[in-house]
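Start at 1 with the first residue, then count along the sequence. All heavy atoms count here, side chains included; hydrogens, waters and symmetry mates do not.
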Amino acid sequence: MRTAAAASRRTQGRQIRRRRFRTLIVLMILIAAAGIAAAAGTAVSAQAAAIERQESIDYSSRLIREGETLWSIASETRPVGTDIRCYIDEIREANALQGDSIHAGRYLIIPIHTVS
């Protein structure tokens, strides 16, 4: 009888672990989805803010100089009061950049915000 009871407890333990594992996987998927939604919301919120303030967005090209980074370029060209991280995302989107890597001698398209 002991072996049947022990086997039953082992089976219950496995079932509990499986349920916990499934719950963990579902939570991880939900957290990842929330992160993706937040990242997408950042780009949309910048455009929505521009519309709300009656801004127009023009574009300018800029030669990348040796030693420059997206951060340094964004800090020179971003509109006053704009979060630099959001502005870097705008520059990435305008140039179809996947990461932070840029190279001297190439051109970047820079969004220029103007209030009308």
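For D83, the side chain to side chain donor-acceptor pair (under 3.5 Å) partners at least two apart in sequence or on another chain are R85. A search for side chain to side chain donor-acceptor pair (under 3.5 Å) contacts involving D100 returns R92, not counting sequence neighbours. A search for side chain to side chain donor-acceptor pair (under 3.5 Å) contacts involving E76 returns R62, not counting sequence neighbours. Among residues two or more places apart in sequence or in another chain, the side chain to side chain contact (heavy atoms under 4.5 Å, CB included) test is passed with E66 by A104. Qualifying side chain to side chain donor-acceptor pair (under 3.5 Å) partners for R65, counting only residues two or more places apart in sequence or in other chains: E68.
Residue L30 belongs to a hydrophobic cluster whose other members are V26, with links defined by side-chain heavy atoms closer than 4.5 Å. In this structure, F21 shares a hydrophobic cluster with I25, I29, the cluster being traced through Ile, Leu, Val, Met, Phe, Trp and Tyr side chains under 4.5 angstrom apart. In the hydrophobic clustering, where aliphatic and aromatic side chains (Ile, Leu, Val, Met, Phe, Trp, Tyr) are joined below 4.5 Å either directly or transitively, L70 groups with I64, W71, I73, I84, Y87, I88, I91, L97, I102, L108, I110, I112.
Here the straight-line distance linking atom OG1 of T82 with atom CD of E90 works out to 7.5 Å at 0.5 Å rounding.
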